[in-house]
Amino acid sequence: MAVTDPVSDFLTRVRNAAKAKHRRVDIPASSLKKAIAQLLVDQKFIAGFAMLEDKKQGVLRVNLRYHSGKPVIRGLRRISKPGIRQYRGAEEMPRVFNGLGIAIVSTSKGLMTGTQATKQHLGGEVLAYVW
């Protein structure tokens, strides 16, 4: 089945796995999903990920993190959608939960958090919020 919005699919699979208290979730791989997973590892929202080969496009196995039995990821929200793109300048980057969460931003220098984009004076497409 074709997925029209792969980022939403990624976020939904991680959100559902965290709510069901699964240790890991397998997601069809792409370079954008790998970059999002790496950003979540760097920000300590997930424990790690691995690329698994199959006969198609590959699988991204995401290992979730838990603290005292509760998932570290409390929420995931898609902001920029295929029908309505959301762009922000460096001065207008959103703060998620007053700095406790992150905004995932696609910039000309690659994927980064909203805080990193502001420090580098870059704007871009706000893909999602994670808290």
Side-chain angles (χ1 to χ4, degrees):
M1 183 167 130
V3 177
T4 58
D5 188 5
V7 175
S8 286
D9 180 59
F10 176 88
L11 297 175
T12 300
R13 287 176 188 242
V14 170
R15 182 185 314 113
N16 289 344
K19 283 187 178 183
K21 297 192 187 320
H22 290 269
R23 285 281 165 211
R24 66 176 193 250
V25 60
D26 291 341
I27 302 167
S30 74
S31 58
L32 178 61
K33 293 175 190 176
K34 185 178 175 185
I36 292 172
Q38 184 60 52
L39 194 63
L40 293 175
V41 168
D42 294 342
Q43 297 297 316
K44 298 187 179 14
F45 281 105
I46 61 175
F49 68 94
M51 292 292 296
L52 305 175
E53 296 300 322
D54 65 355
K55 296 188 189 300
K56 300 174 187 171
Q57 67 186 34
V59 175
L60 189 68
R61 178 166 284 170
V62 176
N63 299 313
L64 302 175
R65 284 187 68 201
Y66 292 89
H67 180 68
S68 300
K70 294 185 180 180
V72 172
I73 294 178
R74 300 296 173 122
L76 295 161
R77 191 166 132 215
R78 180 79 156 116
I79 302 302
S80 186
K81 298 174 183 164
I84 303 172
R85 301 288 183 183
Q86 300 290 325
Y87 297 95
R88 297 287 180 263
E91 304 81 27
E92 305 166 336
M93 276 301 151
R95 286 178 50 114
V96 181
F97 277 87
N98 204 20
L100 295 176
I102 62 168
I104 299 174
V105 182
S106 177
T107 68
S108 58
K109 306 270 181 176
L111 227 57
M112 59 183 70
T113 66
T115 306
Q116 293 168 340
T118 301
K119 287 180 182 175
Q120 295 183 23
H121 303 291
L122 293 171
E125 182 181 357
V126 181
L127 297 177
Y129 293 159
V130 182
W131 67 92

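On a predicted model such as this, the values are computed, not experimentally measured, just so you know. Numbering starts at 1 and runs along the sequence shown.
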Under the side chain to side chain donor-acceptor pair (under 3.5 Å) test, residues paired with S8 that sit two or more places apart: D5, R78
Side chain R24, main chain R61, donor-acceptor under 3.5 Å: no
Salt bridge (charged side-chain N to carboxylate O under 4.0 Å, His left out) contacts in which one or both residues fall within residues 38-51, not counting sequence neighbours: none
Sub-4.5 Å side-chain heavy-atom contact between K119 and M93: no
Set of residues satisfying side chain to side chain donor-acceptor pair (under 3.5 Å) with respect to R77, sequence neighbours excluded: none
Full working for side-chain contact (heavy atoms from CB on, under 4.5 Å) between K109 and Q116: CA-CA 11 Å; K109 306 270 181 176; Q116 293 168 340; over 6 Å; no
Atom pair CZ/CG of R13 and D26 - distance to nearest 0.5 Å: 9.0 Å
ILVMFWY network linking I36 to V41, side-chain heavy atoms under 4.5 angstrom: yes
Donor-acceptor pair, side chain of S80 and main chain of L127, under 3.5 angstrom: no
Minimal non-hydrogen separation, I79 against V126, with atom names: CB-O, 3.6 Å
Side-chain heavy-atom pair P28, K33 within 4.5 angstrom cut-off: yes
Exercise: do R95 and N98 side chains pair donor with acceptor under 3.5 Å: yes
Y129 with V7, same ILVMFWY side-chain cluster at under 4.5 Å: no
Smallest separation among heavy atoms of A29 and Q57, with atom names: O-NE2, 3.2 Å
Connected via hydrophobic side-chain network under 4.5 Å: F97 and L76: no
Side chain proximity check, P71 to L64, heavy atoms < 4.5 angstrom: no
Heavy-atom closest pair, residues V96 and A103: CG2-N, 3.8 Å
Nearest-0.5 Å distance that lies between atom NZ in K70 and atom CZ in R65: 16.0 Å
Test item: I46 and I73 side chains (from C-beta on) under 4.5 Å apart, heavy atoms: yes
side-chain contact (heavy atoms from CB on, under 4.5 Å) assessment of I27 paired with V14: CA-CA 9 Å; I27 302 167; V14 170; 4.0 Å; yes
Rounded distance [0.5 Å steps], OG1 in T118 versus CE in M112: 10.0 Å
Non-hydrogen atoms of A17 and Y66 that approach each other most closely: O-OH, 3.7 Å
Closest approach of W131 to F45 (non-hydrogen atoms, all atoms of both residues): C-CE2, 4.0 Å
Spatial distance of atom CG (L11) from atom CD1 (I104) [nearest 0.5 Å]: 6.5 Å
ILVMFWY cluster, V72 and F10 together (side-chain gap under 4.5 Å): yes
Steps toward side-chain contact (heavy atoms from CB on, under 4.5 Å) verdict (L111, L32): CA-CA 8 Å; L111 227 57; L32 178 61; 4.1 Å; yes
In one Ile/Leu/Val/Met/Phe/Trp/Tyr side-chain cluster, 4.5 Å: V105, Y87: no
For the student: nearest non-hydrogen atoms of R88 and E92, plus distance: CD-O, 3.7 Å
Any F49 side-chain heavy atom under 4.5 Å of L40 side chain: no
